[in-house]
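These notes concern the structure reproduced below.
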Amino acid sequence: MSDASRADGDARPVGSDNRQAPKNFITGIIDADIASGKWGLWRADEIKPGGGQKPGAPKVCTRFPPEPNGYLHIGHAKSICLNYGLAAAYGGRFNLRFDDTNPAKEEAEYVESIKRDVKWLGGDYDGPLGGGVLFASNYFGRMYEFAQDLIRKGKAYVCDLSAEQVAQCRGIPQKPGRDSPYRTRSADESLDLLARMKAGEFPNGSRTLRAKIDMTSPNLNLRDPVLYRILHEEHHNTGGEWCIYPMYDWAHGFEDSIEGITHSICTLEFENHRPLYDWFIDAVNEGRSALRADASTHVGSASRPTRIHHPQQIEFARLNLNYTVLSKRKLIDLVQGGHVTGWDDPRMPTISGYRRRGYTPEAIRAFCDDVGVTRVNSVIDVGRLENAVRDDLNRRAPRRMGVLNPLKVVIENYPQGQAEHLPAVNNPEDPSAGTRPVPFSRELYIEREDFMEDPPKKYFRLAPGREVRLRSAYFITCTGIVKDADGNITELRCTYDPATRGGDSPDGRKVKATLHWVSAGHALDAKVHLLDRLFTTEEPGKRTGNYLDDLNPSSLSVARARVEPSLGAPAPDEPEWPDGIRRFQFERLGYFAIDPGGPAATSGGRSEAGLVFNRTATLRDTWAREAARA
RNA sequence: AGGGGAUUGGUGUAACGGUAGCACGACUGACUCUGGAUCAGUUAGUCUAGGUUCAAAUCCUAGAUCCCCUGCCA
């Protein structure tokens with residue numbers, strides 16, 4: 001669906017770049033539907049002005065239907081990419097619809113965060129392919145009419161049983177349930193009671209409206225499911241208008257029906273619900289006249305309305321990641337328990353967390369394409385996500401130098417008080433990125449780990465008497481070590497070879513290592529958040545039953561770094577990132593993004609702390625692997 | 001008296017009766033002013049047992065294992 005290799009960095013949404021959606025079993029179903037003409041063709045009057053659908057092309061409509069009761073996470077990203085990507089690949093329509101049927105748990109704040117995250121990811125819900133932002137609550141009136149219709153048809157009844165009694169009557173999978181004593185209540189009485197439930201005459205939990213299906217069905221969802229419950233609760237959209245709210249199962253299929261969704265894509269656990277959704281639509285359609293081909297002019301009549309649209313539900317396996325928790329409950333616990341700083345903590349697997357950490361939407365889309373879409377429960381190695389962001393940033397992120405753990409180096413033969421600016425390549429993957437001047441002087445900092453007094457054989461970096469290259473600068477040779485009273489190395493004395501200016505030796509002599517560095521007098525102070533995985537085990541909680549036991553105590557450590565001065569303000573040749581987040585590769589260290597702060601950030605905001613970076617990902621480090629093996 | 005799904009290298013995913021392929025990882029090597037990147041190569045798989053067929057990952061039978069379903073959550 002997306003082209004993660006796009007280098008121009010513009011903000012085109014997923015899939016609008018004419019690439020085919022990755023093939024999977026869902027595209028197979030859609031292709032077959034198109035071949036059979038199942039969903040018909042776009043009519044001109046169905047396409048909004050400027051819409052991306054073509055009249056006469058086969059109709060494909062998808063949607064992303066989140067409940068606004070939390071922030072979106074990487075699992076939702078898979079669904080967004082899938083649904084938007086399908087609409088894009090087939091010239092269809094994509095709706096963002098909030099499933100806001102439970103005001104007790106939903107908040108407007110979440111609506112805003114979800115819109116932002118979907119858009120950032122490329123789900124362009126109000127662009128050419130988008131059907132806009134929609135709400136289930138906008139359909140409450142029609143759903144209520146459908147409920148009345150079922151009551152009149154003898155297919156639903158108001159039940160006075162308590163929640164416990166309903167559960168009791170439902171039975172267990174191996175045993176049939178029992179009918180509610182209210183199952184035979186007259187339609188007129190149910191209609192009256194439902195109206196009074198809606199008006200708020202009864203307390204929460206006192207009655208429900210239930211479908212009259214089959215209390216002996218092996219599918220528990222068909223044992224007279226609850227359609228409406230009484231909830232005296234203010235709704236973010238409808239206010240106090242309703243004292244009853246539809247259950248998800250009752251509402252969801254109608255939401256898709258009303259919006260003309262053709263392919264209603266959801267996760268595997270809803271497969272058992274599909275017969276119920278089909279039953280609801282069929283129950284409404286019973287006795288109605290068929291849609292005609294010229295449906296635009298066919299409105300039916302009051303006594304015999306036309307049938308409602310019957311979407312096709314398709315289930316796929318949700319995303320699972322190792323070293324990660326994705327259940328909404330656990331994410332809420334992490335936030336409310338103070339184990340992270342908020343929903344957008346850069347260690348969180350939320351879209352806003354990844355954004356703040358420096359991940360790009362292109363990388364997340366590439367990852368979603370990469371893992372594919374199937375009906376098989378699987379666990380994806382989180383390393384693949386990390387690789388996706390490395391892969392994207394390697395091509396696009398400008399290189400800079402920063403020293404996380406500084407060790408002072410004095411170049412003894414470099415004139416005191418002198419400084420020069422050496423050109424450094426901005427991106428070896430992209431020659432057009434040019435160069436930038438980097439100041440060099442007598443006193444420098446290098447990474448403490450880049451020096452060893454007594455190095456093992458495979459250690460290539462600086463050591464007494466050894467010559468290495470300073471990236472884009474000079475060859476230097478270590479001539480002395482300065483230690484404090486405790487024997488800690490506090491400073492290195494080196495000499496440089498003026499003939500190697502720029503990093504090349506005219507005599508062809510080789511060095512085995514190139515080090516990053518900064519000029520002590522020119523470098524900027526920066527705070528760097530070194531972020532690591534939030535959990536130390538592949539399946540958090542597997543061992544003890546409590547996932548919090550597997551929290552990684554060192555998921556966040558803070559480094560006081562020294563970085564090159566070009567980082568202070570956006571350089572003119574710095575790439576423009578559509579989301580405004582400045583991302584870099586610190587040479588030999590990894591990818592880092594300037595922390596944009598966030599509503600939940602209590603520390604780490606730029607204003608109070610100066611320059612703050614979040615480490616997006618480390619570079620692959622074969623030396624670390626080698627060292628660990630020894 | 002249960003019902004619904006799923007099973008291909010370490011991981012993920014193709015192959016829809018006709019050469020088991022791709023990606024990631026791992027391992028070798030080359031190259032390199034990032035121990036990065038890149039390039040070349042190696043590695044390793046059809047849940048089990050029967051059956052149908054010239055031919056089975058694919059069809060049939062039996063079994064195994066895993067996931068989902070007993071909210072007035074979604």
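So that the names make sense, note that chain A is the first sequence line, chain B the second, and so on, each numbered from 1.
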Q. Between Arg396(A) and Asp430(A), is there a side-chain N and carboxylate O pair less than 4.0 Å apart?
A. no

Q. What is the distance from NE2 of His516(A) to C1' of G35(B), rounded to the nearest Å?
A. 13 Å

Polar atom pairs between nucleotides 41-48 of chain B and protein, under 3.5 Å, N or O only, would you list them?
none

(Q) Rounding to an integer number of angstrom, what distance separates G9(B) and G3(B) when you compare their P atoms? (A) 29 Å

Q | Inter-nucleotide P distance (A55(B), G50(B)), Å rounded | A | 16 Å

Q: Could you tell me whether the side chain of Arg588(A) has a donor or acceptor atom within less than 3.5 Å of a complementary atom in the base of G35(B)?
A: no

Q. Which letter, B, S or -, goes with each nucleotide of nucleotides 7-16 of chain B from 5' to 3', with contact meaning a protein heavy atom under 4.0 Å?
A. S---BSSS--

Q. Closer than 4.0 Å, any side-chain N/O of Arg620(A) to the OP1 or OP2 of A26(B)?
A. yes

(Q) Restricting to side chain to side chain donor-acceptor pair (under 3.5 Å), what partner residues turn up for Asp214(A), sequence neighbours left out? (A) Thr216(A)

**Q.** salt bridge (charged side-chain N to carboxylate O under 4.0 Å, His left out) involving Glu67(A) - partner list, sequence neighbours excluded
**A.** none

Q | salt bridge (charged side-chain N to carboxylate O under 4.0 Å, His left out) against Glu538(A), all qualifying residues, sequence neighbours excluded | A | none

**Q.** All ring pair (Phe, Tyr, Trp, His ring centres under 6.0 Å) counterparts of His235(A), not counting sequence neighbours
**A.** Phe140(A), Tyr245(A)

(Q) Counting runs of three or more consecutive pairs, Watson-Crick or G-U wobble, with each distance below 3.5 Å, where are the stems of RNA chain B? (A) B:2-7 with B:64-69, B:10-13 with B:21-24, B:25-30 with B:38-43, B:47-51 with B:59-63

Q. Taking the side chain from Tyr228(A) and the backbone from Tyr144(A), do they hold a donor-acceptor pair closer than 3.5 Å?
A. yes

Q) Would you say Arg469(A) reaches U34(B)'s phosphate, i.e. side-chain N/O to OP1/OP2 under 4.0 Å? A) no

Q.
Work out how far the C1' atom of U52(B) is from that of C66(B), and round it to whole angstrom.
A. 29 Å

(Q) Generate the contact string for nucleotides 69-74 of chain B. Rules: B means base contact, S means sugar-phosphate contact only, - means no protein heavy atom under 4.0 Å. (A) SBSBSB

Q: Considering only atom C1', compute the distance from U46(B) to U42(B) and round it to an integer number of Å.
A: 22 Å

Q.
Check this for me: does any side-chain nitrogen of one of Arg588(A) and Glu447(A) sit under 4.0 Å from a carboxylate oxygen of the other?
A. no

Q: Only counting residues at least two apart or in another chain, list the ones meeting salt bridge (charged side-chain N to carboxylate O under 4.0 Å, His left out) with Arg207(A).
A: Asp160(A)

Residues 618-627 of chain A side chain polar contacts: donor-acceptor under 3.5 Å, at least two apart:
unit_1	atom_1	unit_2	atom_2	d
Asp621(A)	OD1	Trp623(A)	N	3.1
Asp621(A)	OD1	Ala624(A)	N	2.9
Glu626(A)	OE2	Lys458(A)	NZ	2.9

(Q) At less than 3.5 Å, do the side-chain atoms of Gln585(A) and the base atoms of U34(B) form a donor-acceptor pair? (A) yes

(Q) Between G63(B) and U13(B), how many Å separate the two C1' atoms, rounded to a whole number? (A) 27 Å

Q.
In whole Å, measure the gap between the C1' atoms of C68(B) and U58(B) for me.
A. 26 Å

**Q.** Cation over ring face, Arg469(A) and Phe475(A), 6.0 Å, 45°
**A.** no

Q) Asp224(A) and salt bridge (charged side-chain N to carboxylate O under 4.0 Å, His left out): which partner among Arg183(A), Lys212(A), Arg170(A), Arg178(A)? A) Arg183(A)

Q | Glycosidic conformation of G36(B), taking syn as within 90° of 0 and anti otherwise | A | anti

Q | side chain to side chain donor-acceptor pair (under 3.5 Å) involving Glu429(A) - partner list, sequence neighbours excluded | A | none

Q: Could you pull out all residues at least two apart from Arg399(A) that satisfy salt bridge (charged side-chain N to carboxylate O under 4.0 Å, His left out)?
A: none

